[in-house]
Amino acid sequence: MGELVERVDEQDRVIGMADRDEAIRHGWPHRVATTVCRDPQGRVLVYRRPEHVSRFPGHYDWLIGGGVEVGEAYEEAAARELAEELGVRVGVRFVFKFLCRGAISPYWLGVHEAVVAEPLAPDPAEIAWHGWVGEQELQEAFRRWTFVPDGMQVMRRCPGLSAPSAATPPSAPPHA
């Protein structure tokens with residue numbers, strides 16, 4: 001068995017447990033926690049998924065996250081995923097949650113924010129490239145790059161979430 005998650009209903013109430021891949025295969029709602037990461041200047045972290053991953057290979061994303069494990073709160077899962085994927089331990093702030101009709105399956109998505117001041121140590125199995133982008137570059141990236149579709153749902157639901165305070169973008173990312 002792989003990653004064990006709680007199956008939930010349309011009101012995010014636990015109705016059982018399942019392997020996450022099984023929940024996805026059957027379209028059973030479960031829980032996912034994500035975080036929008038900002039640096040101290042307000043720029044947003046964007047990354048590209050590796051080509052070898054099973055879900056959305058080579059796509060860009062601006063949300064770091066994953067499945068909420070059995071008995072875990074959204075905030076705990078969001079902080080755990082930051083440690084696993086970026087190698088950082090920082091506090092997260094819950095912003096909102098919604099029933100995401102995901103591109104692969106439905107799930108309750110808890111969206112968080114965090115300020116990350118320490119150096120990142122991304123897991124290469126999860127992140128092929130990363131960079132901090134200002135508001136203008138982020139908006140341009142959303143128009144030009146192929147992003148994970150569910151992250152775009154978050155953008156449409158809460159556009160202010162993407163408005164970083166700094167406007168000094170770094171150079172464009174590699175598209176290897």
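For reference, positions follow the sequence shown, starting with 1.
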Stepwise, does the ring pair (Phe, Tyr, Trp, His ring centres under 6.0 Å) test hold for Phe147 with Phe142?
CA-CA 7 Å; Phe147 274 77; Phe142 284 142; 4.8 Å; yes
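- The local environment of CZ in Arg89 is sparse, with at most 12 non-hydrogen atoms from other residues, nucleotides or ligands closer than 6.0 Å.
- With salt bridges taken as basic N to acidic carboxylate O contacts below 4.0 Å, one links Lys97 and Asp12.
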Which donor-acceptor pairs under 3.5 Å do the side chains of residues 99-108 make with protein atoms, sequence neighbours left out?
unit_1, atom_1, unit_2, atom_2, d
Arg101, NH2, Glu10, OE1, 2.9
Tyr107, OH, Asp150, OD2, 2.6
Trp108, NE1, Asp9, O, 3.1

Determine, step by step, whether Glu84 and Arg80 satisfy the salt bridge (Lys or Arg N to Asp or Glu O under 4.0 Å) criterion, reporting the C-alpha distance in whole Å, the side-chain angles of both residues, the deciding distance to 0.1 Å, and the verdict.
CA-CA 6 Å; Glu84 290 174 3; Arg80 176 182 48 77; 3.2 Å; yes
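- Residue Met17 qualifies as open at atom CE: its count of foreign heavy atoms under 6.0 Å is 12 or below.
- Classification of the His26-Trp28 ring pair by plane angle, with boundaries at 30° and 60°, yields parallel.
- Classification of the His112-Tyr74 ring pair by plane angle, with boundaries at 30° and 60°, yields tilted.
- The pair Glu22-Arg25 does not meet the salt-bridge criterion, since no charged nitrogen lies less than 4.0 angstrom from a carboxylate oxygen.
- Of the residues listed (Val92, Val154, Leu63), the one engaging Val36 in a side chain to side chain contact (heavy atoms under 4.5 Å, CB included) is Leu63, and it is the only one.
- Salt bridge Arg93/Glu75: absent, no basic N to carboxylate O contact under 4.0 Å.
- Looking at Glu140 and Arg144, a side-chain N of the basic residue comes within less than 4.0 Å of a carboxylate O on the acidic one, giving a salt bridge.
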